[in-house]
Amino acid sequence: MGRTGLVYDPRYLEHDMGSGHPESPNRLRAIMQRLEQSGLAAKLTRIEPRKAEDEWVTLVHTPGYVARLKQEAPTSGRVSLDADTSMSPGSLTAAYLAAGGVLAGVDAIMADEVQHVFCAVRPPGHHAEAGRAMGFCLFNNVAIAAKYAQKRHGLERILIVDWDVHHGNGTQHSFERDPSVLFFSTHQYPHYPGTGRVTESGIEGGEGFTINVPMEAGEGDDDYRAVFQKVLVPAADAFKPEFVIVSAGFDAHRDDPLASMGLTEEGYAELTAIVAGIAKQHCRGRLLSSLEGGYNLTALAASVERHVQALVES
């Protein structure tokens, strides 16, 4: 099999926040159908997720929050966690498998079974705070993966690149005091959740290890490419990461209904190539990407196809 891995489990589809909710099981159905039809799926090494163990989840989330999710998880119907995030009977299992999927991806990369992994997981994660769910997110998958790579595999410097159209507030808060994790985010601003100003650059010992690049509505492929080349690449060269993680949201696509950016699927391929180049230069290609947003099913599937193709070709 190829050097690119794919994490997926049909139980991710059992997280269901209701008809009409943009973060729908149909997102993964569209992605997987596209990967199969394009022939890409056959080139990928399948990686089975496991349920994340609480010892790793609680490196990012408070034990009280984890206990509360378990207590509130419904056996029927839905339980609201915030204005736009809820749990159905399959949600908590899906959340544990989403977090565990990225952990399995990290393990596969560190065992040199694959070089890079795309995690087709849900619920997404980058808005989830230490003690609360928000923005469709229950567990912060990429933050848990970063902590796990450090604690389980002994890595020191982790680069997280978040190109979702919404700012990854939960990820930023997880690491804003931590100089061992460089967090880089492009996002439409001002937009939900309202964070991600340039001046948010880290706190105390983590000052300078958070890089926010607010983008104006309508900016597209050329603008993103310039930011990645002029801001991200030099910062990564100075930081010298030992592992690269991407919060891979595809909702900055020009056709996405929840935002107003201008990226195309080709633009996502270019961003992927830049980030894969960073991983190749500094950490033997170690790169894990985890699905975040993307709500136009056609644009999402096409963008993921180009993202994964770029990983295969890198």
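Below, all heavy atoms of this structure are taken into account, side chains as well, without hydrogens, waters or symmetry copies.
Each of Thr195, Asn212, Thr210 was compared with Gln172 under the side chain to side chain donor-acceptor pair (under 3.5 Å) criterion, and only Asn212 meets it. Val66 pairs in a side-chain contact (heavy atoms from CB on, under 4.5 Å) with only one of the listed residues (Thr58, Val60, Leu138), which is Thr58.
Note: His307 and Phe118 meet the aromatic proximity criterion, with ring centroids under 6.0 Å apart. A centroid separation of less than 6.0 Å is found between the aromatic rings of Tyr148 and His153. Proximity of the aromatic rings of Tyr96 and Phe139 is defined here by a centroid distance below 6.0 angstrom, and this criterion is met.
Residues Glu313 and Gln309 have side chains that bring a donor and an acceptor to within less than 3.5 angstrom of each other. Donor-acceptor pairing under 3.5 Å is lacking for the side chains of His167 and Asn169. Checked by atom type, the side-chain pair Asn140/His61 shows no donor-acceptor distance below 3.5 Å. A donor-acceptor contact closer than 3.5 angstrom is absent between the side chains of Ser88 and Asp16. Inspection of the Ser314 and His116 side chains reveals an N or O donor paired with an N or O acceptor under 3.5 Å.
In terms of hydrophobic clustering, with Ile, Leu, Val, Met, Phe, Trp and Tyr side chains grouped at heavy-atom distances under 4.5 Å, Tyr192 and Tyr295 are assigned to different clusters.
Between Ile278 and Phe239 there is no side-chain heavy-atom pair separated by less than 4.5 Å. Looking at heavy atoms from C-beta onward, Lys51 lies in side-chain contact with Thr93 at the 4.5 angstrom threshold. With a 4.5 Å cut-off on side-chain heavy atoms, Glu129 and Tyr65 do not count as touching. With a 4.5 Å cut-off on side-chain heavy atoms, Val161 and Leu232 count as touching. By the 4.5 Å heavy-atom criterion applied to side chains, Asp237 and His282 are counted as neighbours. Residues Lys70 and Asp54 meet the side-chain proximity criterion, which asks for heavy atoms closer than 4.5 Å. In this structure the side chain of Val121 never reaches within 4.5 angstrom of the side chain of Tyr8, judged on heavy atoms. A 4.5 Å side-chain heavy-atom check between Phe250 and Asn296 finds every atom pair outside the cut-off.
Between Tyr224 and Phe228, the two ring planes are tilted [angle within 30° to 60°].
Side-chain atoms of Tyr12 come within 3.5 Å of backbone N or O of Leu97 as a donor-acceptor pair. The backbone N or O of Gly293 lies less than 3.5 Å from a partner atom in the side chain of Arg27, making a donor-acceptor pair.
Atom-to-atom distance recorded for Arg225:CZ and Leu263:CG is 10.0 Å, nearest 0.5 angstrom.
Using a cutoff of 4.0 Å between basic side-chain nitrogens and carboxylate oxygens, Asp112 and Arg3 are scored as salt-bridged.
Crowding of Glu207 atom CD: a count of heavy atoms from other residues, nucleotides or ligands under 6.0 Å exceeding 12.
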